[in-house]
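To find a chain, count down the sequence lines: A is the first, B the second, and so on, and within it residues start at 1.
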Protein chains: 2
Amino acid sequence: MNQNVFDDPRITAVGLLVEAYAGLSARFAAQFDEHGLSPVEFEVLTRLARSPGNQLRMTDLAAQTSLSTSGVTRVVDRMERDGLLTRRACPSDRRSSYAVVTASGLKRLDEVLPGHLRIIEEWFTGQLEPEALKALLDGLRRVRDAVHPGATAGSTDPLPTEHAASGSRC
Amino acid sequence: MNQNVFDDPRITAVGLLVEAYAGLSARFAAQFDEHGLSPVEFEVLTRLARSPGNQLRMTDLAAQTSLSTSGVTRVVDRMERDGLLTRRACPSDRRSSYAVVTASGLKRLDEVLPGHLRIIEEWFTGQLEPEALKALLDGLRRVRDAVHPGATAGSTDPLPTEHAASGSRC
DNA sequence: CCGCTATAGTTGCTGAAGCAGCCGTTGGCC
DNA sequence: GGCCAACGGCTGCTTCAGCAACTATAGCGG
């Protein structure tokens, strides 16, 4: 076996990305867990909270997260059971329903976010001088732009606020 | 709700990392799938192939991947069923067993790796000029080093070749 | 107005992964 | 030599996500 293949700088580059991502994800997950949230639930909460009216149709929510529509159904089931979300019927289209963040859900988010930001700063952005951080982010943006739109996996797009507005708004 | 929280540069930074990672992972997974491998199986295959004798104890394999020991048991079950791996008893410690890559497993890896490297180049390393790539990797390395060692999630360490040698070598 | 097709969401089934508990083995200790 | 704590790996149980099938509604064409 060509042992040296694994020393290929391309492999190393991917390794760095994977490890940095995995390490950060683990920190995030630990903090989410302290607040009784899974990473997916946190993502759902933030997607909804940043959307107009704190709500999104199930389908749109699926498009904005790493979940399939059936996955969204289950997650919303759990979160509705926990009181973080509610389903609301769409008045203009009886097939559709909205997932809406409840006051309790917003409160939970307010409890989680400060610590989340602190963790990002402690383990990610604060690890680098401003110009090094900028270089890192520029590089990531380039890769993201190449690989991003409509990728198979969820897009986690940070600024899709107009997405819901473009759809059949109720 | 403080809508502007989501415009925080720290959130954006994480978004970039997550999206770049997710996008690349999706490309990788698609190619693995063409060769009948899951991402985890590819990881197991590479870990073993880069280890001395193309083998690793189940426990060591678990430590080097994102899996628990029970997860390793199942994955190795599947891959052994598919002929990519074999279990071999450890002569000096009858509790231990090795997972060994078969010729078929190595062949599979040889089929997958060139395309894998091509994808990395096309969507990641080739997207940036050499100095920009270096800056990106330096940044990732800093974050990785901060967050990495013994993290909760799997470590995906790219140079643990001495790991197996340090253990109770048979 | 009727029927046909597309769409929204839910549900049964399957596969994968973790945890906890189990058994067999090992290696130190008396 | 026998005993016992530690360890390696496997199995039962649970959780969770995706796929595919299903129901209900919407919207278009004849």
Measure from [atom1] on [X] to [atom2] on [N] and round the result to the nearest Å.
{"X": "Asp33(B)", "N": "dA16(C)", "atom1": "CG", "atom2": "C1'", "value": "15 Å"}
{"X": "Leu61(B)", "N": "dG8(D)", "atom1": "CG", "atom2": "P", "value": "14 Å"}
{"X": "Asp82(B)", "N": "dG15(C)", "atom1": "CG", "atom2": "C1'", "value": "14 Å"}
{"X": "Leu67(A)", "N": "dG18(D)", "atom1": "CG", "atom2": "C1'", "value": "10 Å"}

Distance check: side-chain N/O of Arg87(A) vs OP1/OP2 of dT10(C), anything under 4.0 Å?
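Checking Arg87(A) against dT10(C): at least one side-chain N or O falls below 4.0 Å of OP1 or OP2.
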Hey, does the side chain of Arg94(A) come within less than 4.0 Å of dA24(D)'s phosphate (OP1/OP2), counting only N and O?
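For dA24(D), OP1/OP2 do not have a side-chain N/O of Arg94(A) under 4.0 Å.
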Quick one: side-chain contact (heavy atoms from CB on, under 4.5 Å) partners of [X], sequence neighbours excluded?
{"X": "Thr69(B)", "value": "Ala62(B)"}
{"X": "Gln31(B)", "value": "Glu34(B), His35(B), Val112(B), His116(B), Ile119(B)"}
{"X": "Asp77(A)", "value": "Thr73(A), Arg87(A)"}
{"X": "Thr86(A)", "value": "Glu80(A), Thr102(A)"}

Protein N or O to nucleotides 2-8 of chain C N or O, pairs below 3.5 Å:
| residue | atom | partner | partner atom | Å |
| --- | --- | --- | --- | --- |
| dT7(C) | O2 | Arg95(A) | NH1 | 3.1 |

Decide, yes or no, whether a salt bridge links Asp138(A) with Arg142(A) under the criterion of side-chain N to carboxylate O below 4.0 Å.
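Here Asp138(A) does not pair with Arg142(A) in a salt bridge, since their nearest N and O are not under 4.0 Å apart.
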Do Asp145(B) and Arg141(B) sit within salt-bridge range, that is, some charged N less than 4.0 Å from a carboxylate O?
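Here Asp145(B) does not pair with Arg141(B) in a salt bridge, since their nearest N and O are not under 4.0 Å apart.
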For Glu43(A), run the side chain to side chain contact (heavy atoms under 4.5 Å, CB included) check against Leu48(A), Val75(A), Thr65(A) and tell me which one passes.
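The option that passes is Thr65(A).
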Close side-chain approach of Tyr21(A) and Val143(B), heavy atoms under 4.5 Å:
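Tyr21(A) does not reach Val143(B) side chain to side chain.
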Under 3.5 Å, which protein N or O atoms sit close to an N or O of nucleotides 11-16 of chain D? Give each pair with its distance.
| residue | atom | partner | partner atom | Å |
| --- | --- | --- | --- | --- |
| dG12(D) | O6 | Arg74(B) | NH2 | 2.4 |

May I ask you to say what Val72(B) touches in the nucleic acid, namely base, sugar-phosphate or nothing, with a heavy-atom cut-off under 4.0 Å?
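No contact at all - Val72(B) keeps every heavy atom at 4.0 Å or more from the nucleic acid.
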